[in-house]
Amino acid sequence: MKVLIVDDEKHVRNAINLLADWTSYGITEILEASDGEDAVALIQEQAPQIVLTDMRMPRKDGAELLTWLHTYTPDIKVIVISGYDDFELVRHAVRNGGMDYILKPVKADALNEALDKASACWRKEEDGRQRFTQKSIEVNEMKPHYADKLLTNFISGHGRRELLNQLREEFKFPLSLSSCSVAVLSVSQFDRKLLAKFSSQVQLIFFTLCNICNEILKMKGISFRHLNSPGQIVILFWDERGSFSSMLEEINKGIYMTLHRHVHFGISMKRAFPGDLPRAYFEASKALWNRNLLDSKQQHLFLEEGSPSIPPIHLTAIEEQLRLTALSGNREKIEDFTKQWLDGVKQTGSVTPEQLIQWNKEWDWMQTRWIEGDHEAEGILEENEEPYAELSIRLPLTEKGLLAWDDLRVEIEHRLGVVSKHLIQQHSKDQFFILDIAKYIESHYHEEISLQDIAARFFLSREYIARKFKQEYGVTLLDYLSRIRIDKAKLLLHNPHLRIAQVSEMVGYHDEKYFSRVFKRLEGINPGEYRKEQTMG
């Protein structure tokens with residue numbers, strides 16, 4: 001839990017810091033601001049759960065800060081610490097969500113009592129929010145992909161005539177609807193830092209984004225997940241009197257308030273409904289994936305006609321240089337070559353998200369060809385016609401959606417370093433990396449682990465890892481992970497105080513029923529029977 005202390009006097013902030021028993025209330029991070037302006041910036045960046053604020057400060061004072069908090073972050077618990085025993089200040093604090101009003105000089109008992117109450121209140125409300133979110137997700141999952149499936153089929157042109165009446169009934173499509181605009185946003189174009197926060201709750205980010213879109217659209221349009229392009233959310237807008245651009249800006253504001261990120265939209269021209277919907281979707285998607293990641297002045301809306309016309313750069317054009325650089329095994333040469341190549345990319349003035357995806361495909365193809373030969377690399381460039389739709393691909397982008405040069409540089413140097421070891425130590429390459437992968441699994445068995453995660457972490461193809469792992473250990477990677485988890489579970493089941501659901505969570509299974517099925521498949525009995533046997537024994 002984080003707390004923010006806002007006071008223009010440093011000695012007061014120091015005194016509060018010393019008097020509070022932070023550990024007792026689960027507070028692990030203490031932030032400080034000297035006025036309301038600095039406080040707002042810190043709150044937007046760090047999202048503290050508790051704010052302790054003075055009332056009389058320069059620039060934005062405590063009263064203004066309280067009003068802002070009450071408007072934009074009502075969940076934050078506020079404690080006022082002031083030197084003024086003023087009824088109007090107290091009333092303003094109470095009206096704007098202040099939990100306590102403590103007078104200076106601050107006394108330890110009063111401060112800790114207020115912190116105890118604020119932290120307990122926040123935890124209780126957070127539990128409620130978590131339950132509400134989980135319940136909402138469960139309700140949403142009761143009709144898995146129902147709306148998304150109907151709308152995906154409709155926009156793809158499948159069964160349109162049969163679906164139209166159903167859509168009018170289910171989603172209130174206007175009977176007189178003759179034209180429609182389309183926008184596309186992609187979760188894959190968020191920065192890696194944000195995506196990492198949702199790594200174990202992928203469905204939640206889609207649920208959140210669609211909810212925001214539909215709440216703002218109301219009866220003027222609808223948003224949904226495109227099931228054939230899992231990273232994409234599609235927006236249909238049919239209000240003849242409203243501005244599509246203005247509506248998307250409102251949606252962007254709503255997303256920023258929730259995720260602290262703006263999104264980029266590819267948009268289509270207004271097209272005939274329903275006949276031209278597939279064309280409109282294609283236009284919007286291409287516009288989004290062809291936007292220029294080097295344009296720092298870009299807005300958030302992109303039309304296909306505004307896409308850059310500069311010929312794309314292909315890594316395969318410098319394949320031999322890349323291979324020789326990797327083969328040198330020299331770190332300085334790898335860094336120099338990477339810098340030289342990136343400088344050339346910068347001079348073009350344009351890099352698109354689609355290019356980043358293409359580079360990934362080319363890397364995989366070249367790396368496989370160098371290490372395993374042409375036969376193994378055959379077909380890699382042709383598979384996954386829309387690879388950018390995969391959420392598992394995390395592009396090197398900044399929080400503003402621009403190209404993160406440092407991340408791209410590190411990624412290229414890492415790839416060259418990895419393949420360099422392969423080429424130089426060809427005779428032991430299989431064992432070298434497979435052992436590292438096995439060690440990683442043994443250390444992280446309790447986390448969400450997939451073959452795609454391992455491939456991304458070790459910069460190797462999924463097929464290569466799967467084949468070599470089976471050769472080395474005689475079992476698949478997932479079977480190896482299951483055996484480790486079940487062995488750990490057997491030890492935990494000896495503890496009678498742990499429920500089976502808890503054991504399941506502790507070894508990496510979030511579904512108790514699935515855990516029981518895996519346990520029985522490997523042990524011949526379910527976890528409850530195993531525990532009973534051990535107890536009787």
Side-chain angles (χ1 to χ4, degrees), residues 183-195 229 231-232 245 248-249 252 256 261-269 282-326 333-366 381 385-390 393-416:
V184 173
L185 70 92
S186 175
V187 172
S188 302
Q189 290 195 30
F190 279 122
D191 58 283
R192 292 170 175 175
K193 182 179 178 182
L194 179 68
L195 291 177
S229 300
Q232 293 189 350
S245 297
L248 292 176
E249 289 297 336
N252 223 337
Y256 186 81
R261 297 291 192 279
H262 286 114
V263 298
H264 297 87
F265 297 98
I267 57 177
S268 74
M269 304 295 289
F282 178 78
E283 286 178 357
S285 184
K286 291 295 289 183
L288 178 64
W289 286 94
N290 283 330
R291 68 185 182 89
N292 188 358
L293 298 174
L294 306 189
D295 183 5
S296 60
K297 296 180 181 179
Q298 64 179 282
Q299 301 299 310
H300 299 118
L301 308 180
F302 298 89
L303 283 164
E304 187 182 7
E305 62 186 23
S307 301
S309 57
I310 300 171
I313 298 172
H314 289 289
L315 288 178
T316 49
I318 56 168
E319 180 186 356
E320 186 61 15
Q321 293 169 271
L322 286 166
R323 192 183 70 83
L324 291 174
T325 301
K333 285 187 178 180
I334 289 174
E335 291 174 354
D336 288 344
F337 181 85
T338 301
K339 181 181 183 302
Q340 180 183 353
W341 186 76
L342 289 177
D343 286 343
V345 172
K346 288 178 184 179
Q347 290 177 11
T348 68
S350 175
V351 176
T352 69
E354 193 165 47
Q355 271 188 277
L356 294 179
I357 297 298
Q358 182 63 26
W359 291 344
N360 269 327
K361 291 173 66 178
E362 290 177 330
W363 265 118
D364 289 342
W365 178 79
M366 289 187 298
L381 283 175
E385 292 184 9
E386 286 189 302
Y388 48 75
E390 294 292 336
I393 295 176
R394 298 182 181 182
L395 304 179
L397 302 178
T398 67
E399 292 184 5
K400 293 184 178 180
L402 302 175
L403 183 60
W405 288 105
D406 285 344
D407 288 352
L408 181 57
R409 175 184 56 78
V410 169
E411 190 171 301
I412 294 172
E413 290 175 358
H414 188 93
R415 278 183 177 270
L416 284 170

> In Å, rounded to the nearest 0.5 Å, how long is the span from CG of Leu403 to OG of Ser350?
Replying inline: 10.5 Å

> Given side chains that start at C-beta, do those of Leu195 and Val187 come closer than 4.5 Å, heavy atoms only?
Replying inline: yes

> Taking all atoms of both residues into account, what is the closest heavy-atom pair of Thr325 and Gln321, and its distance?
Replying inline: OG1-O, 2.7 Å

>> Give me the atom names and distance for the closest heavy-atom approach of Trp289 to Thr352.
In response: O-CB, 3.5 Å

>> Leu248 vs His300, test: side chain to side chain contact (heavy atoms under 4.5 Å, CB included). Steps then yes/no.
In response: CA-CA 9 Å; Leu248 292 176; His300 299 118; over 6 Å; no

>> Which residues pass the side chain to side chain donor-acceptor pair (under 3.5 Å) test with Asn252, not counting sequence neighbours?
In response: none

> Looking only at heavy atoms, what is the nearest atom pair of Leu315 and Glu362, with distance?
Replying inline: N-OE1, 2.8 Å

>> Keeping Asn292 on the side-chain end and Gly349 on the backbone end, is there a donor-acceptor pair under 3.5 Å?
In response: yes

>> Strictly distance-based, threshold 3.5 Å: is any side-chain N or O of Arg192 a donor or acceptor partner for the main-chain N or O of Arg394?
In response: yes

> Is Val263 close to Tyr256 at the side-chain level, that is, under 4.5 Å between some pair of heavy atoms?
Replying inline: no

> What residues form a side chain to side chain donor-acceptor pair (under 3.5 Å) with His262, not counting sequence neighbours?
Replying inline: none

> Can you name the salt bridge (Lys or Arg N to Asp or Glu O under 4.0 Å) partners of Glu413, sequence neighbours left out?
Replying inline: Arg331, Arg409

> Under a 4.5 Å cut-off applied to non-hydrogen side-chain atoms, are Trp405 and Leu294 in contact?
Replying inline: yes

>> Suppose we screen for ring-ring contact (aromatic ring centres under 6.0 Å, His included). Which residues come up paired with Trp341, at least two apart in sequence or across chains?
In response: Trp359

>> Within the 4.5 Å heavy-atom criterion, are Gln232 and Ser285 side-chain neighbours or not?
In response: yes

>> Taking side-chain contact (heavy atoms from CB on, under 4.5 Å) as the definition, give me every residue that meets it alongside Glu320, ordered by chain and number, with sequence neighbours left out.
In response: Arg323, Leu324

> Can you find a pair of side-chain heavy atoms, one from Ser188 and one from Leu395, that are under 4.5 Å apart?
Replying inline: no

> Can you list the residues that meet the side-chain contact (heavy atoms from CB on, under 4.5 Å) rule with Asp336, with sequence neighbours excluded?
Replying inline: none

> Is any side-chain heavy atom of Arg415 closer than 4.5 Å to a side-chain heavy atom of Asn360?
Replying inline: yes

> Is there a donor-acceptor pair under 3.5 Å between the side chain of Ser229 and the backbone N or O of Gly231?
Replying inline: no

> Listed by chain and number, what are the side-chain contact (heavy atoms from CB on, under 4.5 Å) partners of Lys339, not counting sequence neighbours?
Replying inline: Asp343

>> Tell me every residue that passes side chain to side chain donor-acceptor pair (under 3.5 Å) with Arg261, counting only those two or more places apart in sequence or in another chain.
In response: Asp191, Glu399

> Mind checking what makes side chain to side chain donor-acceptor pair (under 3.5 Å) contact with Gln340, not counting sequence neighbours?
Replying inline: none

> So which heavy atom on Gly266 is nearest to which on Ala287, and how close?
Replying inline: CA-CB, 4.1 Å

> With side chains defined as the heavy atoms from C-beta onward, is the minimum distance between Phe282 and Val184 less than 4.5 Å?
Replying inline: no

> Taking only residues two or more places apart in sequence, or in another chain, which ones meet Glu319 in a side-chain contact (heavy atoms from CB on, under 4.5 Å)?
Replying inline: Trp365, Met366, Arg369, Trp370

>> Walk me through whether Leu397 and Leu356 qualify under side chain to side chain contact (heavy atoms under 4.5 Å, CB included).
In response: CA-CA 10 Å; Leu397 302 178; Leu356 294 179; 4.2 Å; yes

